[in-house]
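The chains referred to below are lettered A, B, ... by the order of the sequence lines, with proteins before strands, and numbering in each begins at 1.
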Amino acid sequence: MSPHIGNVSYLLSLLTTGLTSGALYAFVALAIVLVYKTTTHINLAQGEMAALGAFIVLALTRYGVNVWLALVISMALSFGLGAGIERGLIRPLERRGIFPVVLATLALFLVINAVMAIIWGTQPVPAPAPLPNGLDAKIDILAGPPPFFLTYRALGTYVILLAVLAGLWLLLERTKLGLGYRAVAANREAAQVLGIPVGRMQMLGWGIAAALGTVAAVLVAETVNTLDFNVMGSILIFGLAAATLGGFDSVPGAAVGGLVLGMIVTFVPGLFTVIEGDLGLIIALAVVLVVLLVRPQGFFGTKPLERV
Amino acid sequence: MTGTDPLLRVAGLHAAYRSVKVLHGLDLEVRRGEVVVLLGANGAGKTTTLRALCGMVDTQGSVLLDGVELVGRSTEWIVRQGIAHVPQGRGIFGVLTVEENMRAGAWGRRDAKGVDADIERWYGVFPRLAERRRQRAGGMSGGEQQMLAVARALMARPKLLLLDEPSLGLAQIVTRGLFRQLEEINRDEGMSMLIVEQNAELALSFAHRGYVIESGHIVLGGQAADIRADEGMRRAYLGY
Ligand SMILES: Nc1ncnc2c1ncn2[C@@H]1O[C@H](COP(=O)(O)OP(=O)(O)OP(=O)(O)O)[C@@H](O)[C@H]1O
Ligand SMILES: [Mg+2]
């Protein structure tokens, strides 16, 4: 047991820490889900594509581009890359079954990883920092001990997550493009016979996923202050766990799954001090397993509703 | 009224799933305003025929819709030429609302006002759908889902409606109601239809003409009334 277990200030600190890492898992989970919904593929290279996006942000800022503008440009490039990979690599393989696609995303993982190592080296470099990151970039709330404060970085992360969710909701629920995307996700063949361009909806999913991944990688790198070619290595597993928790085909599910997972991996080691390091991950995965035993479709997954 | 002017003219249609050949040179025709039924045993190739018309399987031969060749084109393009397809098993978007399903059916249209008007028009024909417009389509009964599938297909304002076993899984009385509505749509809108149906008796009573397909060949074609009246044909091909 942690000696602070009854300390409000300490518990609130755990809460904000959990929400912050949860938001990062949520971004990765959203990317995975957006690809999965229309293609039923899992892009194993999602994390590496995201890291590449973060390096592009870094490269642009080195040319003197404002970091936010660099982020937007990199998101646009990532969108194009994601859509292009779907069109040029994944779709031709899709007809041959699921394994060629899985292998292709694995190959993509290795290739992008190697390319980043060749171009930017294997040593960590200072991360691009769109959010205020100084020691005093925070709002003090409780004196403690331990003190409880909200960093601008944490607040910025929450705001970005909310903005992304609102944007996705508008796009998916309020536009014709979104209707087409959801129709393809719900029943691909039926969408095809209505003349909905299935391929373009798959590209859309891959594109948005890649753009979101770039946001995730930039925020992850900022958390650890450095960027290196393996920055997204472990977080992809958390993203997958969060997506599973949320139901794998649900956008709100991915967000909730990410936040819940963030809480678990923060609170469990935070309250029970005997648990250290990677044990947190193991416990998180155990919780995911238990949830799936009780609710195989996750929090928000759609069990097929169609009656035959 | 039906004209003699062919809306759909299929000649020497071959279709295959990869290397498995399923259709071996079909010829058939649907005239403007006509209801044509395609009958045949399980596995005869009825569904494949409809899928071939929509470019959803590998196809050879000729399919002319209003004189425009469809073979070799994408499904998306063919749908824009005016073919709407209600697939076997309905293909409803279960997690979308009834109204979203309807709007998805109008995907290729640019006239927002016309789409809204058509939604209301088909709600008028199928009042059950109007009551459930904001509900998830997957929660509706089989008959309601079939109505939705038909209404959704009509949202594209097609020249030709393809229906694959609309009676599948429906109670007799629901099937009869559905066919009555299809009959009205044919009569009032002049909508041409090609219907695949297991319930031969019912389909022939409503169609103008019929074809019987066996192992990927058309073995019989003629006026629906003649097929119905000929006991030998019924015994040999339709099993009743
Ligand atoms: N996706 C597919 N891949 C390979 N073969 C298929 C496929 N779909 C159908 N077939 C084969 O094509 C033949 C015709 O099938 P089709 O579905 O057109 O029959 P049908 O007349 O519609 O039958 P039913 O009355 O059972 O619906 C069958 O032998 C079937 O096994
Ligand atoms: Mg069939």
In sequence, state the C-alpha distance, the side-chain angles, and the governing distance for Lys176(A) and Arg103(B), and then conclude on side chain to side chain contact (heavy atoms under 4.5 Å, CB included). CA-CA 9 Å; Lys176(A) 185 168 172 182; Arg103(B) 288 193 185 280; over 6 Å; no
Verify side chain to side chain contact (heavy atoms under 4.5 Å, CB included) between Val198(A) and Thr75(B), making sure each step is shown before the conclusion. CA-CA 10 Å; Val198(A) 173; Thr75(B) 302; over 6 Å; no
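Heavy atoms of Arg80(B) lying under 4.5 Å from chain A are absent altogether. Contact annotation for Ala156(B): neither backbone nor side-chain heavy atoms come within less than 4.5 Å of a heavy atom of chain A. With a 4.5 angstrom heavy-atom cutoff, Ala137(B) does not touch chain A via any of its atoms.
The 12-atom threshold is exceeded at CD of Gln181(B), counting heavy atoms of other residues, nucleotides or ligands nearer than 6.0 Å. Around the CG atom of Leu293(A), the shell of radius 6.0 Å holds more than 12 heavy atoms that belong to other residues, nucleotides or ligands. Environment of CZ in Arg180(B): sparse, with no more than 12 heavy atoms of neighbouring residues, nucleotides or ligands closer than 6.0 Å. Heavy atoms from other residues, nucleotides or ligands lying under 6.0 Å from CZ of Arg109(B) number more than 12. Heavy atoms from other residues, nucleotides or ligands lying under 6.0 Å from CD of Glu189(A) number 12 at most. Within 6.0 Å of atom CZ in Arg91(A), more than 12 heavy atoms from other residues, nucleotides or ligands are found, so the atom counts as buried in its surroundings.
What you find for Asn187(A) and Gly91(B) is that their closest heavy atoms are ND2-CA, 3.5 Å. Taking each heavy atom of Ala104(B) and Leu179(A) in turn, the nearest pair found is N-CD2, 3.7 Å. Considering all non-hydrogen atoms of both residues, Arg95(A) and Arg18(B) come closest at O-NH2, 3.2 Å.
Per-residue counts of heavy-atom pairs under 4.5 Å with chain B were compared for Ala185(A), Ala183(A), Ala190(A), Gly180(A); the largest is that of Ala183(A).
The shortest side-chain heavy-atom distance between Phe93(B) and Leu194(A) falls under the 4.5 Å cut-off.
Of the listed residues (His85(B), Glu76(B), Arg51(B)), just one forms a side chain to side chain contact (heavy atoms under 4.5 Å, CB included) with Val193(A), and that residue is His85(B).
Here Thr97(B) contributes atom OG1 and Arg182(A) contributes atom CZ; the two are 7.5 Å apart, rounded to the nearest 0.5 Å.
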